[in-house]
J.: 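The structure follows.
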Amino acid sequence: MKTTIKNLKKMMLVALFTLISSSAFAATYYVCAGATLNFTPQTIANISYTWDVEGAGFNAITPVAGVYSITASSTPGTYTVTMRSTSSNPAICAPADVVNDFIVLPPLAFNLASAPSNAQYCTSAGANANSVITPTFTGFPTGTPYTDDLEAEYSYSVVKDGGSAVNGTTVGTINATTGVYTLTTTVIGTYVITGSVKYKQKAGFTNALISTSGCPVTGATTQTVEVIAAPAQPTIVITAN
């Protein structure tokens, strides 16, 4: 699955490292496909840097304000980035190479293709005053190290009667394990529900996810649920003969 990092495209993610020595920073990191990686090595007199991406050969990259930028591949897999130091002064020894591995994460697939359990529910329905929406979710990598370091994080956005979107947890609940969303509000109206998922760093991780976004994906399909008013209690006329 290893390929050279060519055919590059940019995304909004920017990961910043300070690479000083191989012993201090040699590690493995998770990144989103197409992420722009910005490396800021320590400034050392008479030392210049070149970069090798997955064995393609060391190349000079023009830094901007001391920052060297490399764009991650759009193809999932593990890529090795090596920084080599070169001394222009024979009296100064160049530091050892700094080697880091970057795991480009596969894109997640998420959608709300299944109809809600209740397209309508009445405010007076008691325990049944809710609607369950079950997403379809694929693409999360299996096995180690992925399952040791990462988990899926689900979120939902809800729009009532064409108004502004609100966090789905203000009008319902999210099952953190399955991603199932349950609309529980009893405020009358029509609710349009949109779901999304992203990678999240697990507690106690070994390899860091260097992404503030988590490589999110939003389902293209929305679901609509109508919360309707309970009818007025009927009046009973009682007479006796």
J.: Run S211 and S213 through side chain to side chain donor-acceptor pair (under 3.5 Å) and show every step you take.
T.: CA-CA 5 Å; S211 165; S213 69; 3.2 Å; yes

J.: Given side chains that start at C-beta, do those of I44 and P95 come closer than 4.5 Å, heavy atoms only?
T.: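 In short, these two side chains touch, coming nearer than 4.5 Å.
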
J.: Looking at every non-hydrogen atom in both residues, tell me the closest pair between S87 and N89 and how far apart they are.
T.: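 Looks like OG-O, 2.8 Å.
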
J.: What about Y79 and F102, are their ring centers closer than 6.0 Å?
T.: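 Between F102 and Y79, which both carry aromatic rings, the centre distance is not below 6.0 Å.
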
J.: What heavy-atom pair brings P116 and Q223 nearest, and what distance separates the two atoms?
T.: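 Smallest heavy-atom distance, with atoms named: CD-OE1, 3.2 Å.
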
J.: Apply the hydrophobic cluster definition, ILVMFWY joined by side-chain contacts under 4.5 Å directly or through others, and give me every member besides I228.
T.: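 None; I228 is a cluster of one.
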
J.: What are the two closest heavy atoms between P76 and P107, and how far apart are they?
T.: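 The answer is CG-CD, 4.2 Å.
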
J.: Mind listing the side-chain donor-acceptor pairs of residues 170-178 below 3.5 Å, one per line with the distance, residues two or more places apart or on another chain?
T.:
unit_1: T170; atom_1: OG1; unit_2: N167; atom_2: O; d: 2.7
unit_1: N175; atom_1: OD1; unit_2: T177; atom_2: N; d: 2.8
unit_1: N175; atom_1: OD1; unit_2: T178; atom_2: N; d: 3.0
unit_1: N175; atom_1: OD1; unit_2: T178; atom_2: OG1; d: 3.4
unit_1: T178; atom_1: OG1; unit_2: V180; atom_2: N; d: 3.3

J.: Are Y121 and V192 grouped together when hydrophobic residues (ILVMFWY) are joined by side-chain heavy atoms under 4.5 angstrom apart?
T.: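 In one cluster with Y121: V192, no.
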
J.: Any pair with a residue in residues 138-151 that passes salt bridge (Lys or Arg N to Asp or Glu O under 4.0 Å), sequence neighbours left out, goes on the list, sorted by first then second residue, please.
T.: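 Matches after skipping sequence neighbours: none remain.
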
J.: State, to 0.1 Å, how close A72 and V104 come at their nearest heavy-atom pair, and which atoms those are.
T.: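 Heavy atoms only, the tightest pair is CB-CG2, 4.3 Å.
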
J.: Can you tell me how far the CD1 atom of I92 sits from the CG atom of N46, to the nearest 0.5 Å?
T.: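 Reported to 0.5 Å precision, the distance equals 4.0 Å.
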
J.: Transitively linked via ILVMFWY side-chain contacts under 4.5 Å: F205 with Y29?
T.: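 In one cluster: no.
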
J.: Hey, mind stepping through D97 and T82 against side chain to side chain donor-acceptor pair (under 3.5 Å) and telling me if it holds?
T.: CA-CA 7 Å; D97 292 352; T82 304; over 6 Å; no

J.: Side chains of L105 and L209: does their closest heavy-atom pair fall under 4.5 Å?
T.: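 When only atoms from C-beta onward are counted, L209 and L105 do touch, with a gap below 4.5 Å.
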
J.: Anything under 3.5 Å between a donor and an acceptor, one on a side chain of residues 132-143, the other on a protein residue two or more places apart or in another chain? List them.
T.:
unit_1: T136; atom_1: OG1; unit_2: N111; atom_2: O; d: 3.3

J.: How close do G195 and L112 get, counting heavy atoms only, and between which atoms?
T.: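 Nearest heavy atoms, G195 then L112: N-CD1, 3.6 Å.
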
J.: Identify every side-chain donor-acceptor pair in residues 59-69 under 3.5 Å, counting partners at least two apart or on other chains, and give the distances.
T.:
unit_1: N59; atom_1: ND2; unit_2: G57; atom_2: O; d: 2.9
unit_1: S69; atom_1: OG; unit_2: N38; atom_2: OD1; d: 2.6

J.: Can you name the side-chain contact (heavy atoms from CB on, under 4.5 Å) partners of S48, sequence neighbours left out?
T.: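 Once residues adjacent in sequence are excluded, the partners of S48 under the side-chain contact (heavy atoms from CB on, under 4.5 Å) criterion are T86.
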
